[in-house]
There are 4 protein chains.
Amino acid sequence: MKMRYLTAGESHGKAITTILEGIPANLEISKEDIDRELARRQGGYGRGGRMKIETDQANVLSGIRGGKTLGSPITLQIENRDWINWEEVMDPFGDSGYSQEELVIKKETKIKHVKPKVTKPRPGHADLAGSLKYNHEDIRNILERASARETAMRVAVGAIAKTFLKNFGIEVAGHVLQVGTVALDKKLDMELEELKVKSEGSPLRCVDEETTKEMIKEIDRCKEAGDSLGGIFEIRTTNLPVGLGSHVQWDRKLDARLTMALMSIQAIKGVEVGLGMEAGKRWGSKVHDEIFYDDKFYRTTNNAGGIEGGMTNGEPIILRAAMKPIPTLYQPLSSVDLETKEKFKASVERSDVTAVPAASVVGEAVVAFELAKTFLEKFGGDSMEEIKANYENYLAMVKER
Amino acid sequence: MKMRYLTAGESHGKAITTILEGIPANLEISKEDIDRELARRQGGYGRGGRMKIETDQANVLSGIRGGKTLGSPITLQIENRDWINWEEVMDPFGDSGYSQEELVIKKETKIKHVKPKVTKPRPGHADLAGSLKYNHEDIRNILERASARETAMRVAVGAIAKTFLKNFGIEVAGHVLQVGTVALDKKLDMELEELKVKSEGSPLRCVDEETTKEMIKEIDRCKEAGDSLGGIFEIRTTNLPVGLGSHVQWDRKLDARLTMALMSIQAIKGVEVGLGMEAGKRWGSKVHDEIFYDDKFYRTTNNAGGIEGGMTNGEPIILRAAMKPIPTLYQPLSSVDLETKEKFKASVERSDVTAVPAASVVGEAVVAFELAKTFLEKFGGDSMEEIKANYENYLAMVKER
Amino acid sequence: MKMRYLTAGESHGKAITTILEGIPANLEISKEDIDRELARRQGGYGRGGRMKIETDQANVLSGIRGGKTLGSPITLQIENRDWINWEEVMDPFGDSGYSQEELVIKKETKIKHVKPKVTKPRPGHADLAGSLKYNHEDIRNILERASARETAMRVAVGAIAKTFLKNFGIEVAGHVLQVGTVALDKKLDMELEELKVKSEGSPLRCVDEETTKEMIKEIDRCKEAGDSLGGIFEIRTTNLPVGLGSHVQWDRKLDARLTMALMSIQAIKGVEVGLGMEAGKRWGSKVHDEIFYDDKFYRTTNNAGGIEGGMTNGEPIILRAAMKPIPTLYQPLSSVDLETKEKFKASVERSDVTAVPAASVVGEAVVAFELAKTFLEKFGGDSMEEIKANYENYLAMVKER
Amino acid sequence: MKMRYLTAGESHGKAITTILEGIPANLEISKEDIDRELARRQGGYGRGGRMKIETDQANVLSGIRGGKTLGSPITLQIENRDWINWEEVMDPFGDSGYSQEELVIKKETKIKHVKPKVTKPRPGHADLAGSLKYNHEDIRNILERASARETAMRVAVGAIAKTFLKNFGIEVAGHVLQVGTVALDKKLDMELEELKVKSEGSPLRCVDEETTKEMIKEIDRCKEAGDSLGGIFEIRTTNLPVGLGSHVQWDRKLDARLTMALMSIQAIKGVEVGLGMEAGKRWGSKVHDEIFYDDKFYRTTNNAGGIEGGMTNGEPIILRAAMKPIPTLYQPLSSVDLETKEKFKASVERSDVTAVPAASVVGEAVVAFELAKTFLEKFGGDSMEEIKANYENYLAMVKER
């Protein structure tokens, strides 16, 4: 019951919104802390048109005053700039545009002609399952919410979680390991700070310049072929205090919570902690991280990815997630009309080739949220001052052991 | 708030227990339905001594009467046969055995001499993190609960969930794909029924006889070397109704819930849905499952693993999980004594080489639980009769579309 | 996990917001359905200035399209018209008005001079406890959120819940039984429809004209004396289906949930079901409702208030709640400055004498929410069509018994 | 997600069980701490036969070792001594006794002849609603779980919560204010310690000897008349730290949680905080507690019952709950057979006249649980040592204000 949030909003509705509850009082935060993260999500080589029109800005409507949190629920809201085009179709109490034959949507210089009712489910989307489940004849009633636009709100939530964690010296950073067939094949041998700087400098959020170039080529090739790409990103943290999460009950295990959060991101199909799937292939003597002591307990390897027995073991957390390619393709896939049952080739809705760099930013956000939540469960407290005192107290206890 | 459960119990305590709540009334179930699953967890080539002494039997202490569920919470309890050896050490209100120099534990024909207080944390276990978090000087206070013995309770819960699902024609089956370096390298081209029969017949729960033999050799090699093995297992289901889970909020996505459940199993380090990590490497045209219609919507491929937009799409669910090798080794790892801070080589606590077949049974159980829970969220109802009517009603609605 | 909501917003912030999740698809709803309830909360004899400036209108920002719910989260937002006066003080990233000696706030024709920082805790409010808990020096950081302004959001949520329930013939209505020393002393012998009409026609929401007049006199007397008044309201429903809620676990009992919801309303100090406190004073033969049958089971008395064993028994639900008087008084109470520790007499912040009629509208809302939530737990379903079929199915099952 | 528990078990099943999760490590506890509370629940003038045969003893099956909690889930179990009589009827996998015409149940010296299938619903019980909801033909499938026998488990949970709270100087004590028409009519002017001693010494848990005698007479009169009695009990605490609970969201308000907990006790129909229902009748100047300061903030009145804005305000908590009379009567009530629809007079199942003293013990337990849970949410921590340091830290912060 500590930290929780709900997001809401349709992709072409008036606004997307989140209410974030359980953030303690007196956390210093600036508008830039939030907007910077929103901008990071919108970058990345291989994005199509929409990312350019939407430069997201979060409106803070509650829970923050004078640059500090109040302890009350925080409302964050992002207006959809495209709303003006969709007002009739998406109006809560209008006619859904059904009175018109065709809708004319302006996107920058482009003009799109759109049927008011969507009846053609796209493979790889929520379209078909959602329409049947919720008994909707108009697939728009599903796709508007299933859209990855929702992740902007999660990034905003994550921005606050990150700001919270920074007060305790905890950083969370993501970077891209693979885009389509191109993988970073060098060993990552750098501090988190360097990793952050390097990935931030790459349009693919990849720490290696050479690999970035190869990824760009892959994207260009793919774009030309009218195809799309997924990829793999990794989330790393600085050293965390030992003992976040717990072994005592299945739903308190930190690795379980973190991987649920990552898998809940649109288009994620695989999640790994530390060695991940590779852990199933090696012999035990090549897997476990030996324990050493020099004023404090430490390891020289981190195959566990920072988590043993569902708890942080004092090493950095390492997580990876695989994103499937964007399912909207220039190279169309077969599908069947919901009403007529006629076969058709699934149409293009947008022109992104890949969204893996953006997904890595969303990954950071959801990991930061889960860490902040689990952190607060352990340390309690209602104000930053109280939490810091509790935290110092625990670190001192552990140090004495 | 629909279905939930808590497990409790220490590995060498008097008993392990679970309370399972939210199972509807009038579900027919037999003692064998539960005990058969418990026995399946205890099998598998590569297990050491303990599995032989414990032939788990679940005592049903509430919630079932005359072979039918009441709708009230179900208590399941398994007595630890080894309790007699540990009574003094684990007594809730005794002296924890600290008055003795050394404890003598009989295990079958073997006699073990054990220090009453454990101060040597084993790499790869909850030992170190747990002892620091909970401020315990005796690591036994952690390892007793962190033990995979707890999974017996989850299998018991899963047995009830499976029995529930069977009433709707839904089956959940696991099989082993990889043990250490040996992988099943054939395409799985069989119905679930065949998969069940074949995996059930293999001491490694592998559907292929040739691969089973190779796995046995790998285990023997590894045992001789004093090492241990992890592996990869897969969970498959029969076709599920379209629309379990939801895209509307991150914590309602079925893939996220299933991943959390699998990752919460002791020693799991990676989870995949459908193509899994591979989805990040392929081009989009090779990933998405085209939609066809012939009296109902269907697919000819299932790269999505049965889930799109966080919902079942009507195809079988396919999940994979990687288990790290058992961390207790004959080939010992370096560690540091919690009290003296002296370096030591981590001792052997048991003699299993691998537990992957058992883990696949646990995997079935946690997947079955999440499916039953999500099923009940969608269909409601307090008695089997009511749920069946609701279910038929929905199937008819979908069929009419 | 079925229905849930979070409210957010400070009393003088830019807007108050709620996200409501779990409402099924295809529920028909109009803007008027929501705004009418908001207006009902703002009425009532004995209210001061603010209620007149705020004529609340809910903006629907998500979850509803073309007059029907989508099944996705519903965002409701009410702008605070007073925001223009408070912009500097409440700005998320401003200077909190601390740079000024004094703030000038215009309210209709009145002009108020306000200290930027509030240090004087008012008895009967969250002021003191909240400031110490959250480590705030400025009590405004607490009182803005603790304000009953928040209940506008709950009424908006309740409006949707009521609309949902109406689809199943279920109505929820509140009326006022007591204001200060004046109580309705006649037996309530009318149908719910009549009760609704009569209470709606009274400025005190009291079903009896004579008593309404006496209540008005009490309020006038009290206003003259510079004092304030609480009261008691009652919530009644039409007949509900038997079996909402459950006896199987403490937190599934419907009476427990309903009373939690009522007690969570600002200023409520007592909650009763059926006979309520009186049930502790009568002999058993005068308390329990005998069971009769005439095509269906029924009762001729309803001392239980419609709930037995934590479940609806098929009779109307009857709940009562007592509200303490508004704690801001012209007749001031002693308190102590948070900074200086100097004694002072607590100042007046607003001029309402009583808010009991408004509270009864909030009471309806929270009861409607809990009923809708518990209803969905029992009947499942993602669209109104599916839920209705499930509901009919259950009613038929019960009828056959 | 901090503290939670589930209870399970049928009244005449083999055992009742609870799993309590979230209790921190290193809490010292003895078997007597638990059994003493169980014995307190079983006392009280006006109880019939069963209380004498059942002298409940809690078996601790997990979570406690050597007199200290481990931090892992605690299993508590009480065997039903009566099980031997009910074994055939209640057997999880037997024939439910349906093969027999009549069952012979021995209770002490008495012998009862019982129909295997119960079809006669008793007014005032879960019998009718539960049987229809869960589609049971045998009402025994409901009444076994709905029985107040379940509260023994809640008292056991409360015993642990109380032991936890005592470590922070917090006590919770209940006493009986009213039994039927007899009420304690003196002002309670005593410290909690005196209240505990006096109520403990009374067979009605009433602090006044004279009133106790009158209550005994009332019970005797009532017994002779074949009737039953309810009553009102009060729960008080010592001073609590300021700031438990929160005003920020409806479900975090401490008064709402405490009310839910009390209302969830079998047969409770009304709950009051501080002045309770009376708060709706007084003018404001007679209700609110003025604030004073002398080294710390304090009040000279406590009409709020220790809670303002959903938070503890530093004063003792005062709660009252009304219990309806036991619905099984010698003076029978009309009801209708579930199968035949024939009218009958509801039969006697047991001979208690009142259970109010017992209910007050259950009340203490559920209040202690909610307080401990809310306490842990605020102070965090996984071991008693850590929590104590956090607690001292907060007290010091508050003192400095």
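Quick note on labels: first sequence line is chain A, next is B, and so on, each numbered from 1. Everything numeric in this text was worked out from a predicted model, so none of it was measured.
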Taking all non-hydrogen atoms of both residues into account, name the closest pair between [X] and [Y] and its distance.
| X | Y | answer |
| --- | --- | --- |
| D:Gly276 | C:Ala322 | O-CB, 3.9 Å |
| D:Pro325 | C:His288 | O-NE2, 3.0 Å |
| D:Val271 | C:Met263 | O-CE, 4.2 Å |
| C:Asp289 | D:Pro123 | O-CB, 3.3 Å |

Contacting moiety of [X], where chain C heavy atoms sit under 4.5 Å:
| X | answer |
| --- | --- |
| D:Leu319 | neither |
| D:Val287 | side chain |
| D:Asp255 | both |

Structural part of [X] lying under 4.5 Å from a heavy atom of chain D:
| X | answer |
| --- | --- |
| C:Leu177 | neither |
| C:Ile142 | both |
| C:Leu132 | both |
| C:Lys253 | side chain |
| C:Val242 | side chain |
| C:Asn135 | both |
| C:Arg282 | backbone |
| C:Phe297 | side chain |
| C:Pro241 | neither |
| C:Thr312 | backbone |

Does [X] use its side chain to pair, donor to acceptor, with the backbone of [Y] at less than 3.5 Å?
| X | Y | value |
| --- | --- | --- |
| D:Lys343 | C:Phe292 | no |
| D:Glu290 | C:Ser335 | no |
| C:Glu272 | D:Gly270 | no |
| D:Arg401 | C:His136 | yes |

Can you tell me how far OG of D:Ser334 sits from CD1 of C:Ile291, rounded to the nearest 0.5 angstrom?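 It comes to 9.5 Å.
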
Using 0.5 Å steps for rounding, measure from the CE atom of D:Met260 to the CG atom of C:Leu258. 10.0 Å

Who among [options] has the most heavy-atom pairs with chain C under 4.5 Å?
| options | result |
| --- | --- |
| D:Ala267, D:Gly245, D:Ala321 | D:Gly245 |
| D:Thr181, D:Val248, D:Asn313 | D:Val248 |
| D:Arg154, D:Glu342, D:Lys286, D:Glu308 | D:Glu308 |
| D:Met323, D:Lys341, D:Glu278 | D:Lys341 |
| D:Gly305, D:Gly309, D:Gly274, D:Ala129 | D:Ala129 |
| D:Glu150, D:His247, D:Arg320, D:Gln266 | D:His247 |

Given the rule in the side chain to side chain contact (heavy atoms under 4.5 Å, CB included) test, do D:Leu275 and C:Lys324 qualify, once you have shown the distances and angles that lead to the verdict? CA-CA 9 Å; D:Leu275 277 185; C:Lys324 69 179 183 183; over 6 Å; no

Applying ring pair (Phe, Tyr, Trp, His ring centres under 6.0 Å), can you list everything that pairs with D:Phe369, at least two apart in sequence or on another chain?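 D:Phe369 satisfies ring pair (Phe, Tyr, Trp, His ring centres under 6.0 Å) with D:Tyr5 only.
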
A side-chain contact here means heavy atoms from C-beta on lying under 4.5 Å apart; do [X] and [Y] qualify?
| X | Y | result |
| --- | --- | --- |
| D:Arg145 | C:Gln249 | yes |
| D:Lys378 | C:Lys133 | yes |
| D:Arg299 | C:Leu128 | yes |
| D:Ser264 | C:Asp251 | no |

Determine whether the side chains of C:Trp283 and D:Glu218 contain a donor N or O and an acceptor N or O closer than 3.5 Å.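 The criterion, which ignores hydrogens and geometry beyond distance, is satisfied for D:Glu218 and C:Trp283.
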
When only pairs under 4.5 Å are counted, which of C:Gly230, C:Ala304, C:Cys222 shares the most heavy-atom pairs with chain D? C:Cys222

Taken in chain and number order and not counting sequence neighbours, the residues that satisfy salt bridge (charged side-chain N to carboxylate O under 4.0 Å, His left out) with D:Lys281 are none

